[in-house]
Amino acid sequence: MEPVQPLTPRVLCSVLSVKSHSCEVTLDSGRALLSWKEVRPRRGRERSRAGACLAQAFQRVRGLTGTLTHRLPSAGHIVPVSEIVSVGEADVDEKYYGMQWKHMCKPHAFTVHYVQRMKKHRWRCKAVTFWCSDEQLYCHWLQALNDLLEQLACRPKRLLVYINPYGGKKKGRQIYEKKVAPLFCLASITADVIVTEYANHARDNIYEVNLDKYDGIVCVGGDGMFSEVLHGLIGRIQKDSDVDHNNPKIPLSRCYMRIGIIPAGSTDCVCFATVGINDPVTSALHIILGDSQPLDVSAVHNKKTLLKYTVSLLGYGFYGDVLKGSEKNRWLGPARYDFSGFKTFLSHRYYEGTVSFQPAKWAVGSPRDNVCCTAGCYICRQSSKQLEEQQRAETYGLQHNEQEENWTTVKGKFMSINIVVMSCACPRSPKGLSPAAHLADGTADLILVRKCSRLNFLRHLIRHTKSNSDQFDFPFVDVYRIKTFQFTPKHSEEDDSESTDLGNIGKKNFAQICTDHPTCGCSQLNSVWNCDGETLEQTAIEMRVHCQLIRLFARGIEDSHKEDDEMPSRV
Ligand SMILES: CCCCCCCCCCCCC/C=C/[C@@H](O)[C@H](CO)NC(=O)CCCCCCCCCCCCCCC
Ligand SMILES: Nc1ncnc2c1ncn2[C@@H]1O[C@H](COP(=O)(O)OP(=O)(O)OP(=O)(O)O)[C@@H](O)[C@H]1O
Ligand SMILES: [Ca+2]
């Protein structure tokens, strides 16, 4: 195999072997693209054009502008350097020598591991081994590829990993050991692993560890486990920067340390809505490539006390009751939600209260515009920019401070009140509770489902599972894009304590609710809030969205038209 001279200093082009095929292999450092294509056996007139062949191949590669296409039109491959997992010396095993190496000196080979897109946002790590007889050329290729990889500063080198051994189907530890750790090792990532021993172990540990040692935190578990890490990290950052998180109006300090989620829970909605699939290998690859996705976070307060942060669902009524019912049946694993969901649906409760909110007037999109959040989302970029400008103007007194203005109030009887910071897409509902909600636009979508018949509520629920139906298109459903929210239940905590003192009023309220629900035998005046899968003690709450407070090792959901079907790694 003769080395091919580089056409420019930024391009390396050689004929190397892949399995038993000769391939033109090109590394275009300027465009950060690696490509290879089989050199077809040359006959007759084609033979005379041999010299032109490689140059033409190179021109084709140079002409490519896309970064997501992996296969050249005629069975060639092209891989952006940013999607290479690792490059390393390959084991030169006798059995792989093949016919063409048999009578030659020992060949040299290097393997490139890279990301390959499969169907439905699934990623896999593929490998291709390039062979050559010339040691110098081999070293040159290894060096050039590794130099380019080292320039990718966004990639993590050291991670702190928390594994919940009891989340979902209790497979967190196996998932990490079998599927994730080998990939981290391949990518030369070192990981300090902590298998949690009790609830909130991860959260508390984040307050104590030296975070400077790490490029990111990974949690292996479900939304609850992610929530622990989220609380640990946001809390730690506020503590370190002396921000009082109990003050609901104060801007919080942003966390730049990224969190990776290896899905091993029951709903795994944060993973699904930010990656597009719940698949540990896909998530591990996003972490390895050093992806970064900013994420809005809402802070939930009660009377100047921080209750929780939420990134997915803050739900009262139906989803609060589903969660409360499911806790008793944890042993059922992920099925506990369906069982409890069925029971909650049959009980058909509604709750009274007053909802107040401030619409997100600066936001570019709206909940019913059908514009979904995708990787590199324009709406997120534009909305967050406009929000920043508005906040800057308010700080310098150029614009009226809107904090106390423009509140909308809705009083009524609700089947469910849902506030979602992101779509909340998950396997149960692949488009989510609010399909057009955005990951990083600084807003949340408020969905109010007012009292309705059982049949209508079922119709509303079923629409969550169908891609071409609108779950908001009912007279009893309203949806708003908001920045702040408050809820006061009709039977507030204060009233409850009063009613204990004034027995008659308490009994009167209770009787009224039970006449409203003759069949349910319910004994509760209020529902509970489901805050990312955890119940809140208080029902009177206020909530504020903090734009892009945290970052994940993710990139948002890639447009499916850019995806290819499964592609073979053979040339
Ligand atoms: C007829 C089928 C209708 C199916 C409707 C499915 C809508 C599902 C929407 C799921 C939204 C998940 C939002 C994410 C919340 C997470 O922060 C949280 C923590 O992981 N998970 C849950 O609270 C877990 C919430 C799980 C909710 C499950 C609800 C299941 C409802 C079943 C209703 C059955 C009616 C059957 C009547 C014959
Ligand atoms: N070692 C542990 N023992 C008991 N509970 C734990 C432990 N580690 C973490 N937890 C708690 O377990 C709860 C549930 O975990 P996780 O979110 O991983 O799974 P899940 O509830 O099945 O999934 P999802 O939240 O996606 O519905 C979390 O709230 C977390 O605080
Ligand atoms: Ca948002």
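Ligands are counted one by one from 1 in listed order, and the atoms in each one are counted from 1 as well.
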- [ ] Find all atoms of ligand 1 within a distance of less than 4.0 Å from any non-hydrogen atom belonging to Asn530, and give their numbers and elements.
- [x] 23 (O)
Open item on the list: If the threshold is 4.0 Å, N to carboxylate O, is there a salt bridge linking Arg258 and Asp291?
Closed with: no
Task: Proximity flag Glu534 to ligand 2, non-hydrogen atoms under 4.0 Å - done: yes
TODO: Say whether Tyr162 and ligand 2 are in contact under the criterion: heavy-atom distance to a ligand atom below 4.0 Å.
DONE: no
Task: Test log, rule side chain to side chain contact (heavy atoms under 4.5 Å, CB included), inputs Tyr351 and Arg349 - done: CA-CA 7 Å; Tyr351 300 93; Arg349 285 176 203 150; 3.1 Å; yes
Task: Within 6.0 angstrom of Asn370 CG, more than 12 heavy atoms from elsewhere - done: no
Open item on the list: Going by the closest heavy atom to atom 5 (N) of ligand 2, which one wins out of Gly224, Ala199, Cys219, Gly222?
Closed with: Ala199
Task: atom 1 (C) of ligand 1: nearest protein contact (heavy atom, Å) - done: Ile462 CG1, 3.9 Å
- [ ] May I ask whether Arg336 has any heavy atom positioned less than 4.0 angstrom from an atom of ligand 2?
- [x] yes
Open item on the list: What I want to check is whether the side chains of Ser527 and Asp321 have a donor and an acceptor closer together than 3.5 Å.
Closed with: yes
- [ ] Salt-bridge test for Arg122 and Asp279: reply yes if a basic N is under 4.0 Å from a carboxylate O, no otherwise.
- [x] yes
Open item on the list: To check your reading of the model: name the closest protein heavy atom to atom 7 (C) of ligand 1, its residue, and the distance in Å.
Closed with: Tyr319 OH, 3.8 Å
Task: Protein contact of atom 16 (C) of ligand 1 - nearest heavy atom, named by residue and atom, plus distance - done: Asp223 OD2, 3.8 Å
Open item on the list: Check Glu558 with Arg555, please: is the shortest side-chain N to carboxylate O separation under 4.0 Å?
Closed with: yes
TODO: Please say whether more than 12 non-hydrogen atoms of neighbouring residues, nucleotides or ligands are located less than 6.0 Å from CZ in Arg463.
DONE: yes
Task: Heteroatom proximity flag, Ser429 to ligand 1, N/O under 3.5 Å - done: no
Task: Any N or O of Gly265 closer than 3.5 Å to N or O of ligand 2 - done: no
Task: Proximal ligand 2 atoms for Thr196, defined as those under 4.0 Å from one of its heavy atoms - done: 1 (N), 2 (C), 7 (C), 8 (N), 9 (C)
Task: Under 3.5 Å donor-acceptor, Gln386 side chain and Trp362 backbone - done: yes
Open item on the list: Within the structure provided, determine whether Leu433 and Ser423 are in side-chain contact (heavy-atom separation under 4.5 Å).
Closed with: no
Open item on the list: Considering non-hydrogen atoms of the protein only, which is the closest contact for atom 4 (C) of ligand 1, and what is the distance?
Closed with: Thr465 CG2, 3.9 Å
TODO: Give the residue and atom name of whichever protein heavy atom lies nearest to atom 21 (N) of ligand 1, and the separation in Å to one decimal.
DONE: Thr267 OG1, 3.4 Å
Task: Atoms of ligand 2 close to Gly221 [distance to a heavy atom under 4.0 angstrom, numbered from 1] - done: 18 (O)
- [ ] Mind telling me whether His460 and Phe457 have parallel, tilted or perpendicular rings, with 30° and 60° as the class edges?
- [x] tilted
- [ ] Considering only non-hydrogen protein atoms, determine which one is nearest to atom 14 (C) of ligand 1 and report residue, atom name and distance to 0.1 Å.
- [x] Cys269 SG, 3.8 Å
TODO: Please confirm whether the backbone N or O of Arg481 pairs with a side-chain atom of Thr443, one donor and one acceptor, at under 3.5 Å?
DONE: no
Open item on the list: Is the contact between Asp268 and ligand 1 made by the side chain, the backbone, both, or neither, using heavy atoms and a 4.0 Å cut-off?
Closed with: neither
Open item on the list: Taking 4.0 angstrom as the limit and counting only heavy atoms of Asp532, give me the atoms of ligand 1 inside it, by number and element.
Closed with: 17 (O), 19 (C)
Open item on the list: Any carboxylate oxygen within less than 4.0 angstrom of a Lys/Arg side-chain nitrogen, looking at Arg368 and Asp470?
Closed with: yes
Open item on the list: Give the atom numbers and elements of ligand 2 that come within less than 4.0 Å of a heavy atom of Glu228.
Closed with: 9 (C), 10 (N), 11 (C), 30 (C), 31 (O)
Task: For the student: nearest non-hydrogen atoms of Phe553 and Pro156, plus distance - done: CE2-CG, 3.9 Å
Task: Check: Asp338 N/O within less than 3.5 Å of ligand 1 N/O - done: no
Task: Atom name, His438 (N, O or S, nearest to the Ca ion (ligand 3)) - done: O
TODO: May I have the angle between Val421 O and Asp441 OD1 with its vertex at the Ca ion (ligand 3), rounded to 10°?
DONE: 150°
Task: Glu352 and Lys490 ion-paired at < 4.0 Å - done: yes
- [ ] Taking both backbone and side-chain atoms into account, decide whether Val545 has an N/O/S atom under 3.0 Å from the Ca ion (ligand 3).
- [x] no
- [ ] May I ask you to check if ligand 2 and Gly167 share an N or O to N or O distance below 3.5 Å?
- [x] no
Open item on the list: With a 6.0 Å cut-off on the ring centroids, do Tyr350 and Phe414 count as close?
Closed with: no
Task: Met225 N/O under 3.5 Å from ligand 2 N/O - done: yes
Open item on the list: List ligand 1 atoms under 4.0 Å from Gly533, heavy atoms only on the residue side.
Closed with: 17 (O), 18 (C), 19 (C)
TODO: Indicate yes or no: does an N/O atom of Arg428 lie under 3.5 Å from an N/O atom of ligand 1?
DONE: no
Open item on the list: Checking side chain to side chain donor-acceptor pair (under 3.5 Å) between Ser266 and each of Lys169, Arg336, Arg330, which is the one that passes?
Closed with: Arg336
Task: Top protein contact for atom 5 (C) of ligand 1, by heavy-atom distance - done: Leu461 O, 3.7 Å
Open item on the list: Tell me which N, O or S atom from Asp296 is the closest to the Ca ion (ligand 3).
Closed with: OD2
Task: Side chain, backbone, both or neither: Lys169 near ligand 2, heavy atoms under 4.0 Å - done: neither
- [ ] Report the C-alpha distance between Phe487 and Tyr316 in whole Å, list the side-chain angles of each, state the deciding distance to 0.1 Å, and finish with yes or no for ring pair (Phe, Tyr, Trp, His ring centres under 6.0 Å).
- [x] CA-CA 10 Å; Phe487 179 70; Tyr316 185 80; 4.7 Å; yes
Task: Leu323 heavy atom under 4.0 Å from ligand 1 - done: no
Open item on the list: Which of the numbered atoms in ligand 2 are under 4.0 angstrom from any heavy atom belonging to Thr267?
Closed with: 24 (P), 26 (O), 27 (O)
- [ ] Provide the number and element of each atom of ligand 1 under 4.0 Å from a heavy atom of Phe342.
- [x] 36 (C), 38 (C)
TODO: Counting heavy atoms only, name the option from Gly432, Gly341, Ser227, Gly320 that's nearest to atom 30 (C) of ligand 1.
DONE: Gly341
Task: Proximal ligand 1 atoms for Ser312, defined as those under 4.0 Å from one of its heavy atoms - done: 17 (O)
- [ ] Please determine if Asn164 has a nitrogen or oxygen closer than 3.5 Å to a nitrogen or oxygen of ligand 2.
- [x] yes
TODO: Can you pull out the closest protein heavy atom to atom 3 (N) of ligand 2? Residue, atom name and distance to 0.1 Å, please.
DONE: Tyr166 CD1, 3.3 Å
Open item on the list: the Ca ion (ligand 3) and Met422: any N/O/S contact shorter than 3.0 Å?
Closed with: no
TODO: Kindly check if the number of other-residue, nucleotide or ligand heavy atoms within 6.0 Å of OH (Tyr207) is above 12?
DONE: yes
Task: Under 4.0 Å to a heavy atom of Tyr337 - the qualifying atoms of ligand 2, by number - done: 27 (O)
Open item on the list: Can you see whether Asp445 engages Ser434 through a side-chain donor-acceptor pair at a distance of less than 3.5 angstrom?
Closed with: yes
TODO: Return a yes/no value for Gly168: is any of its N or O atoms, backbone included, closer than 3.5 angstrom to an N or O of ligand 2?
DONE: yes
- [ ] Starting from atom 12 (C) of ligand 1, locate the nearest protein heavy atom and write down its residue, its atom name and how far away it is, to 0.1 Å.
- [x] Cys426 SG, 4.0 Å
